Amino acid sequence: MNRTTSILLTVLVIILLASGCGGSGGGSGRYTLPGEIPTGGGGSGTGTGTGTTGETDPDALLLSAWEDFKFGAYSSAISKFNQVLTISNITDSQKSDAYNGIGWSQTKSAGVESGYSSFSQAASTQNESKVGLAAALIQRGEKSGFATAITQLEAVGLGNPSFVFTSTHPIGVSNAEAHAMLAFCYFWRGNVGDEDLARAQINVARTTDASNDSAVGHIYKTLKEMGLSGI
């Protein structure tokens, strides 16, 4: 397998990781919505989030939206997150949480790059959005994007191999996966010392996820095939 093919396959793994289709971090991809879970609280809820619920309490809407997200009702979740953004007196924290929710709902339903704009709106305060934005940049496969992805992941705290990433919401990205993403970005950036940084990141990821079939396992295998030693 040549270097380019390895990169493309690993980017695909990261896309799957961030869309919750193969990760072990709390999300398990798209769910069939149970019949007893309402899809819009009386609203229609569409793929672009155009339905409304009539609710005006932003905290209640956010809680309801994340419940919809949890059960895979992504259109309904987007609708409610968007409704939060129409409330005139929301706090910056509520606004940021709504954009974060839109980003991850878009990621789950249409792929991680679809969440890029929303993640960008929330990344200054939301670690989950920093991770989402990094994944979207990785998907683009541009070297400048890898450097920015590193900035985002380091801002979460992941630059320290002992840092443990935990998500507030079931976005489907584990601590091991986040460190593995950063390992791949370091190796691909290729600055002086980046191989050492990549080695430290992937080794710590493998201490908690040693499976050969997981997203971490595939990134580990690709890094080895691309020539990273000592792992």
Side-chain angles (χ1 to χ4, degrees), residues 8-33 39 45-51 62 64-85 95-142 145-146 148-149 151-153 155-156 158 165-182 184-185 214-216 218-219:
L8 291 175
L9 289 178
T10 300
V11 169
L12 176 60
V13 168
I14 292 172
I15 293 167
L16 292 175
L17 175 161
S19 60
C21 299
S24 58
S28 55
R30 302 196 64 174
Y31 297 82
T32 299
L33 184 65
T39 59
T46 69
T48 55
T50 58
L62 287 167
S64 181
W66 281 113
E67 276 297 300
D68 286 350
F69 177 90
K70 177 181 176 181
F71 287 102
Y74 304 123
S75 293
S76 178
I78 290 171
S79 172
K80 292 175 183 178
F81 287 129
N82 274 322
Q83 193 173 344
V84 171
L85 296 175
K95 182 178 180 180
S96 180
D97 194 21
Y99 276 118
N100 180 49
I102 293 169
W104 283 107
S105 298
Q106 291 169 327
T107 292
K108 296 291 186 177
S109 59
V112 67
E113 194 166 3
S114 67
Y116 177 87
S117 177
S118 296
F119 288 139
S120 297
Q121 294 279 353
S124 62
T125 59
Q126 294 276 343
N127 280 348
E128 292 174 354
S129 282
K130 289 181 176 71
V131 171
L133 182 57
L137 289 164
I138 291 167
Q139 181 177 356
R140 293 182 174 183
E142 300 169 354
F146 284 104
T148 305
T151 299
Q152 293 297 322
L153 294 171
V156 172
L158 289 158
F165 169 72
T166 56
S167 60
T168 302
H169 306 105
I171 61 173
V173 180
S174 71
N175 175 61
E177 290 164 343
H179 281 287
M181 286 172 62
L182 183 54
F184 180 74
C185 290
S214 67
V216 173
H218 286 294
I219 293 171

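All values below come from the heavy atoms of this structure, side chains included, with hydrogens, waters and symmetry mates left out. The shown structure was predicted, so the numbers you read here are calculated from the model rather than taken from an experiment. For this chain, numbers begin at 1 and follow the sequence in order.
Residues Cys185 and Ile138 have side chains in contact (heavy-atom distance under 4.5 Å, counting atoms from C-beta outward). Between Ile102 and Leu85, the closest side-chain pair of non-hydrogen atoms falls below 4.5 Å. Between Val84 and Lys95 the shortest side-chain heavy-atom distance does not fall below 4.5 Å.
Interatomic distance, Asn175 CG to Glu177 CD, rounded to the nearest 0.5 Å: 9.5 Å. A distance of 6.0 Å separates CG of Leu137 from OG1 of Thr148, quoted to the nearest 0.5 Å. Note: Leu153 CG to Met181 CE = 5.5 Å, rounded to the nearest 0.5 Å. Note that OH of Tyr74 and OG1 of Thr107 are 10.0 Å apart. Values are rounded to the nearest 0.5 Å. Rounded to the nearest 0.5 angstrom, Leu133 CG and Ser117 OG are separated by 10.0 Å. Here Ser124 contributes atom OG and Gln152 contributes atom CD; the two are 9.5 Å apart, rounded to the nearest 0.5 Å.
The side-chain hydrogen bond (donor to acceptor under 3.5 Å, both in side chains) search around Gln121 returns none, not counting sequence neighbours. Applying the ring-ring contact (aromatic ring centres under 6.0 Å, His included) criterion to Phe165, with sequence neighbours excluded, gives no partner residue. Not counting sequence neighbours, the partners of Ala122 by the side-chain contact (heavy atoms from CB on, under 4.5 Å) test are Ser96, Tyr99, Asn100, Gln126, Ser129.
Here the shortest heavy-atom pairing between Ala178 and Leu158 reads CB-CD1, 3.7 Å. The two atoms that bring Phe184 and Ile219 nearest to each other are CB-CG2, 4.2 Å, heavy atoms only. Across every non-hydrogen atom of Ser105 and Phe69, the tightest pair is OG-CD1, 3.4 Å.
Residue pairs meeting the salt bridge (charged side-chain N to carboxylate O under 4.0 Å, His left out) criterion with at least one member in residues 121-133: none, sequence neighbours excluded. Identified under the salt bridge (charged side-chain N to carboxylate O under 4.0 Å, His left out) test for residues 110-124, with sequence neighbours left out: Glu113-Arg140. Under the ring-ring contact (aromatic ring centres under 6.0 Å, His included) criterion, the residue pairs touching residues 110-133 are Trp104-Phe119, with sequence neighbours excluded.
In this structure a side-chain-to-backbone donor-acceptor pair under 3.5 Å is present from Ser114 to Gly111.
Using bins of under 30°, 30° to 60° and over 60° for the plane-to-plane angle, the ring pair Phe81/Trp66 lands in the perpendicular bin.
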